[in-house]
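What you see below is based on every heavy atom in this structure, not just the backbone, and it leaves out hydrogens, waters and symmetry mates. Whatever order the structure lists ligands and atoms in, that order sets their numbers, starting from 1.
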Amino acid sequence: MSALASPPAYDDGNIFAKILRGEIPCAKVFEDERTLAFMDVMPQGEGHTLVIPKARARTLLDIAPDALAGLIVQVQRVATAAKAAFSADGLTVFQFSEAAGGQTVFHLHFHVVPRFDGVPLRPHEGGMADAAVLKDHAARIAAALRG
Ligand code: AMP
């Protein structure tokens, strides 16, 4: 896409839109009126969580600034809980916009990955995790969110 071309429109068929509509399941960590957090099915590390707005935003550039401000606060909350739930040493938080930036699902999302000293990230879109493990990890982070 050239710099002068319009960005692609939001596509309601993307997989996170389907999760938001309840058409496909997720291992849910947290939900409020504007935000959903759930486990990444191909985690790059233990506790890899995705935080998404309910607003129809394709990339970081498509969300209203005040909605983004609220979303990043939820990213911080989930990151704090995920770090505590897994007794992690640190965190990696990342966001990809458009295919050229590495994005594969075209609904804005932030990745939150607990990190452990000396343990590298697994590859992006590596193997699928066991659903029961993801559910257990979601419950652990949800419990940490509740305090
Ligand atoms: P990105 O490259 O930032 O667009 O990453 C999309 C992420 O979504 C990848 O890490 C995938 O593992 C993850 N993913 C794809 N489908 C699902 C799904 N149904 N539920 C949870 N995570 C998913």
Side-chain angles (χ1 to χ4, degrees), residues 1-3 5-65 67-86 88-116 119-145:
M1 189 175 71
S2 82
S6 302
Y10 183 85
D11 175 4
D12 285 299
N14 78 74
I15 201 147
F16 294 169
K18 290 178 183 173
I19 288 174
L20 285 169
R21 292 194 296 269
E23 293 169 8
I24 62 168
C26 70
K28 189 194 296 185
V29 170
F30 164 79
E31 181 173 18
D32 70 6
E33 63 279 4
R34 293 199 190 111
T35 319
L36 179 66
F38 54 98
M39 305 313 294
D40 193 305
V41 286
M42 290 179 271
Q44 290 186 252
E46 194 171 51
H48 184 165
T49 307
L50 300 172
V51 184
I52 74 171
K54 291 188 174 177
R56 294 167 76 255
R58 178 179 165 92
T59 75
L60 182 68
L61 307 185
D62 302 321
I63 188 167
L68 177 60
L71 179 65
I72 202 71
V73 169
Q74 298 297 355
V75 170
Q76 187 191 46
R77 281 187 69 230
V78 169
T80 302
K83 183 171 181 285
F86 290 91
D89 300 307
L91 292 157
T92 297
V93 175
F94 54 99
Q95 196 289 313
F96 299 144
S97 284
E98 296 298 353
Q103 188 175 13
T104 59
V105 177
F106 295 97
H107 180 108
L108 171 62
H109 52 282
F110 284 87
H111 298 256
V112 174
V113 190
R115 299 298 304 275
F116 303 89
V119 179
L121 277 183
R122 297 200 284 265
H124 193 49
E125 303 217 302
M128 290 277 285
D130 181 82
V133 170
L134 291 182
K135 199 173 164 193
D136 173 66
H137 287 181
R140 283 168 65 173
I141 301 170
L145 269 175

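Under a 3.5 Å cut-off, the side chain of K54 and the backbone N or O of D32 do form a donor-acceptor pair.
Evaluated for a side chain to side chain contact (heavy atoms under 4.5 Å, CB included) with I52, the options V105, L71, L20 yield exactly one hit, L20.
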Give every pair made of an N or O atom of ligand 1 and a protein N or O atom lying under 3.5 Å apart, one pair per line with both atom names and the distance to 0.1 Å, or write 'none'.
{"from": "ligand 1", "atom 1": "2 (O)", "to": "G102", "atom 2": "O", "distance (Å)": "3.0"}
{"from": "ligand 1", "atom 1": "2 (O)", "to": "T104", "atom 2": "N", "distance (Å)": "3.2"}
{"from": "ligand 1", "atom 1": "2 (O)", "to": "T104", "atom 2": "OG1", "distance (Å)": "3.1"}
{"from": "ligand 1", "atom 1": "2 (O)", "to": "H124", "atom 2": "NE2", "distance (Å)": "2.6"}
{"from": "ligand 1", "atom 1": "3 (O)", "to": "H109", "atom 2": "NE2", "distance (Å)": "2.7"}
{"from": "ligand 1", "atom 1": "3 (O)", "to": "H111", "atom 2": "NE2", "distance (Å)": "2.7"}
{"from": "ligand 1", "atom 1": "4 (O)", "to": "T104", "atom 2": "N", "distance (Å)": "2.7"}
{"from": "ligand 1", "atom 1": "4 (O)", "to": "T104", "atom 2": "OG1", "distance (Å)": "3.2"}
{"from": "ligand 1", "atom 1": "4 (O)", "to": "V105", "atom 2": "N", "distance (Å)": "2.9"}
{"from": "ligand 1", "atom 1": "4 (O)", "to": "H109", "atom 2": "NE2", "distance (Å)": "3.0"}
{"from": "ligand 1", "atom 1": "5 (O)", "to": "H109", "atom 2": "NE2", "distance (Å)": "3.3"}
{"from": "ligand 1", "atom 1": "5 (O)", "to": "H111", "atom 2": "NE2", "distance (Å)": "3.4"}
{"from": "ligand 1", "atom 1": "10 (O)", "to": "D40", "atom 2": "OD1", "distance (Å)": "3.3"}
{"from": "ligand 1", "atom 1": "10 (O)", "to": "D40", "atom 2": "OD2", "distance (Å)": "2.5"}
{"from": "ligand 1", "atom 1": "12 (O)", "to": "D40", "atom 2": "OD1", "distance (Å)": "2.5"}
{"from": "ligand 1", "atom 1": "22 (N)", "to": "V41", "atom 2": "N", "distance (Å)": "3.3"}

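Residues passing the ring-ring contact (aromatic ring centres under 6.0 Å, His included) test with F116: none are found, sequence neighbours excluded. Residues passing the salt bridge (charged side-chain N to carboxylate O under 4.0 Å, His left out) test with D12 are R56, sequence neighbours excluded. With sequence neighbours left out, K18 forms a salt bridge (charged side-chain N to carboxylate O under 4.0 Å, His left out) with no residue at all.
Counting heavy atoms from C-beta outward, F30 and L145 have side chains that approach closer than 4.5 Å.
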